[in-house]
Amino acid sequence: MALLVKKFGGSSVATPEKILAVAQRVLNEKKPDDKVVIVVSAMGDTTDELISLANAIADPACNNSREMDMLLSTGEQISISLLAMAFTKLGQPAVSLTGYQAGIESNTAYGKGKILRITPRRVISELATGKIVVVAGFQGVTPDGDIITLGRGGSDTSAVALAGALQADVCEIFTDVDGIYSSDPRIVNTAKKMKEITYNEMLEMARLGAGVMQPRSVEMGKHYGVPVHVRSTFTQNIGTIIREEYTVEEKEFIIRGVTHDTNVAKIAVLGVPDRPGVAYTIFSNLAAANIDVDMIVQSVRSTQNNIIDMVFTVAQPDLIEAKKIVEKIGKDMETVGVIVEKNVAKVSVVGAGMLGNPGIAANMFGALAEARINIEAISTSEISISCLIQSSKVKEAVNAIHNRFFSEKHDTVC
Ligand code: ADP
Ligand code: ASP
Ligand code: MG
């Protein structure tokens, strides 16, 4: 007997036919004793459509975050009930549960909730009666009983967290690609499929824009030690396993992937007084508003008037709020002004093997230089290097960097 959690993304359940096909596939693969939990996303582009609907009514100057979550959570409720009906039609008892009913508790950060705890009592009791349990992804409940959503792509996190809480044997993420590639296969047609990747490298790739998995879901997999199998809904192919360590010993991967993120905005605070505590004031206020800051560049001091420029990036949905905050601080500090720019993107290389392998950064910059792409900011972690560029150049940049690291000669992916 196995306990399996299977997550189906929006494109996998986009139409009634696809929902029936998902139910049929699950039943074809289910052994009689298996206990199966399905986590499902909203159908197709439903979440985007709900956002457009809200934008047609809501006043952007008002804080609608609670109502947005109430609205967006309905997308997943449509698909869980329909999928449960599809199982029933095929003769398999099934029950749909909302995040709340499945015991998924989250903090009160509307639109970007973090799962705090899962108490899957109801899931376990329904499984014990022989039902397939279909859980709404992307949603949880706050301590006050409000519905919260877990950020775009949050159904991945619901699935992996549930798999962890239930001590499932594996969490399968069914999607529209047949695994994790060295780069987004929609952008780089020479991208190579991986057999496996470590949690740490996948987390970095996801954090830096590889949208195939929500970063938090990879953290959850690592936390619980649940193997995550990313594979296609539409083929039977084995996909990519995300796990703690590689099992293929001889592989010494240097670079595992090239990612891009266009959901980025740049904020420049100009003419900031160069004195202790300034960076603390800016970034602690952003942190208090739950805004993640990424690349940070501080210019050298202007000798004439002891001022500096502070440039950093945030996710685009945080731009309006972040701008408001820095403008207010800027007034108090008497800075020269705040400039924001949305037409930027981040391209990154990721790989644990870059530790102790000098020259990776130079190679990446060389690829961009050859493609005549200007670098506006650079940031590094132990296992990644990122460059901020103009978003119009992103496809060219990712392909140039990918060619550099994944040509036949340097083929490091299996
Ligand atoms: P779902 O709706 O199933 O959650 P997503 O659209 O969120 O699907 O994720 C799948 C998409 O992720 C793929 O279609 C692909 O374009 C994109 N993607 C980005 N980077 C990668 C990568 N490195 N490997 C595979 N897919 C990637
Ligand atoms: N439906 C949500 C989204 O589009 C969650 C998900 O698909 O994982 O982001
Ligand atoms: Mg997704």
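Note that the numbering runs from 1 along the sequence shown for the chain. Treat the numbers as computed from the prediction; the structure is a model and nothing was measured. One-based numbering, in listed order, for ligands and for the atoms of each. No hydrogens, no waters, no symmetry mates; every other heavy atom, side chains included, goes into these values.
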Shortest heavy-atom approach to atom 17 (C) of ligand 1 - which of Thr233, Thr175, Asp184, Asp45 = Asp184
inquiry  = Below 3.5 Å, N or O to N or O, backbone or side chain included: is there any such pair between Ser182 and ligand 1?
reply    = no
inquiry  = Using heavy atoms and a 4.0 Å limit, tell me yes or no: is Gly10 in contact with ligand 1?
reply    = yes
remark   = shortest atom 7 (O) of ligand 2-to-protein heavy-atom contact is with Ser41 OG, 3.1 Å
task = Note the single closest protein heavy atom to atom 3 (C) of ligand 2, along with its residue, its atom name and the distance in Å.
result = Arg152 NE, 3.3 Å
task = Would you please determine whether Gly153 falls within less than 4.0 Å of ligand 2 on a heavy-atom basis?
result = yes
Thr259, Val212, Ile197, Ile173: member with heavy atom nearest to atom 26 (N) of ligand 1 = Val212
task = Identify, for atom 4 (O) of ligand 1, the protein heavy atom at the shortest distance, and state residue, atom and that distance.
result = Lys7 NZ, 3.0 Å
ask   = With sequence neighbours left out, which residue pairs that include part of residues 122-174 fulfil the ring pair (Phe, Tyr, Trp, His ring centres under 6.0 Å) condition?
value = Phe8-Phe174
ask   = At what distance, to the nearest 0.5 angstrom, does OG of Ser391 lie from CD of Glu341?
value = 8.0 Å
Greater than 12 external heavy atoms within 6.0 Å of Lys395's NZ = no
task = Just need the protein heavy atom nearest to atom 24 (N) of ligand 1, so name the residue and atom and give the distance.
result = Tyr181 N, 2.9 Å
task = Answer with yes or no whether Glu76 contacts ligand 2, where contact means a heavy atom under 4.0 Å from a ligand atom.
result = yes
Under the side chain to side chain contact (heavy atoms under 4.5 Å, CB included) test, residues paired with Tyr110 that sit two or more places apart = Ser65, Arg66, Asp69, Thr108, Asp146, Ile148
key: Separation of Lys30 NZ from Lys6 NZ (nearest 0.5 Å)   = 10.5 Å
message = Please confirm whether Gly137 approaches ligand 2 to less than 4.0 Å, judged on its heavy atoms.
response = no
